[in-house]
Visitor: 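The structure follows.
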Amino acid sequence: MRKIMAVWDANPLYAERLADFANERGRIPFRAVAFASAERLKEYAGKHSVEILLAGWEVPQEELK
């Protein structure tokens, strides 16, 4: 089973494209999953183990905790 890398950005198109790019390359040992909201990320992380979180600059710092 591949590890999960969550890509979280306020711009859903950017997050989706970055995740697609990472998944297409296949050179990283992670499956990238895109998120545009904290709620959806928290829901997903409650069911799956997220190893890495890539967060955009516009993501509020208090929500990263």
Side-chain angles (χ1 to χ4, degrees):
M1 186 169 110
R2 291 175 73 182
K3 297 177 182 176
I4 303 294
M5 175 176 68
V7 179
W8 178 22
D9 195 86
N11 181 341
L13 182 60
Y14 178 79
E16 189 67 37
R17 285 184 175 176
L18 182 57
D20 287 345
F21 177 78
N23 289 329
E24 286 176 8
R25 290 293 192 192
R27 293 183 180 168
I28 60 171
F30 297 95
R31 186 177 125 232
V33 182
F35 299 94
S37 73
E39 293 78 29
R40 295 192 54 110
L41 173 58
K42 289 176 188 176
E43 180 181 315
Y44 184 87
K47 299 175 184 173
H48 302 88
S49 178
V50 175
E51 297 291 325
I52 295 177
L53 172 61
L54 296 178
W57 290 103
E58 296 176 356
V59 171
Q61 290 293 316
E62 56 274 357
E63 290 191 39
L64 286 174
K65 297 175 184 179

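Index from 1, following the sequence. Quick caveat: nothing in here was measured; it's all calculated off a predicted structure.
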Visitor: So how far is it from Phe21 CZ to Glu16 CD, rounded to the nearest 0.5 Å?
Guide: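 Going from CZ on Phe21 over to CD on Glu16, the span is 14.5 Å.
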
Visitor: Please say yes or no: joined through hydrophobic side-chain contacts below 4.5 Å, possibly via intermediate residues, are Tyr14 and Val59 part of one cluster?
Guide: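 Tyr14 and Val59: separate clusters.
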
Visitor: Return the minimal non-hydrogen interatomic distance between Gly56 and Asp9, and the atom names on each side.
Guide: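 That closest heavy-atom pairing would be CA-OD1, 3.2 Å.
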
Visitor: Nearest 0.5 Å, please: how far is CG in Leu13 from CG in Leu18?
Guide: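 It is 11.0 Å, given to the nearest 0.5 Å.
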
Visitor: What is the distance from atom CE of Met5 to atom CG of Asn23, rounded to the nearest 0.5 Å?
Guide: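 Here the interatomic distance stands at 7.0 Å.
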
Visitor: Nearest 0.5 angstrom please: Arg17 CZ to Asn11 CG, how far?
Guide: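 So the gap between those two atoms works out to 8.5 Å.
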
Visitor: Taking all atoms of both residues into account, what is the closest heavy-atom pair of Phe35 and Ala15, and its distance?
Guide: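 Nearest pair, atom of Phe35 first, then Ala15: O-CB, 3.8 Å.
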
Visitor: How would you list, by chain and number, every residue that makes a side-chain hydrogen bond (donor to acceptor under 3.5 Å, both in side chains) with Glu51, sequence neighbours excluded?
Guide: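 If we apply the side-chain hydrogen bond (donor to acceptor under 3.5 Å, both in side chains) test to Glu51, skipping adjacent residues, the hits are Ser49.
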
Visitor: I'd like to know whether CZ of Phe30 has more than 12 heavy-atom contacts from other residues, nucleotides or ligands below 6.0 angstrom.
Guide: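 Enclosed: over 12 neighbouring heavy atoms sit under 6.0 Å from CZ of Phe30.
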
Visitor: May I ask whether Val33 and Leu41 are part of the same hydrophobic cluster, defined by side-chain heavy atoms of I, L, V, M, F, W, Y residues being less than 4.5 angstrom apart, directly or through others?
Guide: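 Yes, same cluster.
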
Visitor: Hey, any chance Ile4 and Ile28 share a hydrophobic cluster, counting ILVMFWY side chains that come within less than 4.5 Å of each other, even indirectly?
Guide: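 In one cluster with Ile4: Ile28, no.
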
Visitor: Does atom OH of Tyr44 have more than 12 heavy-atom neighbours, drawn from other residues, nucleotides or ligands, at distances under 6.0 Å?
Guide: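 Yes.
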
Visitor: Restricting to non-hydrogen atoms, name the atom on Ala38 and the atom on Trp8 that form the minimum distance, rounded to 0.1 Å.
Guide: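 Minimum heavy-atom contact is CB-CZ2, 3.5 Å.
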
Visitor: NZ/Lys42 to NZ/Lys47 distance, rounded to the nearest 0.5 angstrom?
Guide: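 Going from the NZ atom of Lys42 to the NZ atom of Lys47 covers 15.5 Å.
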
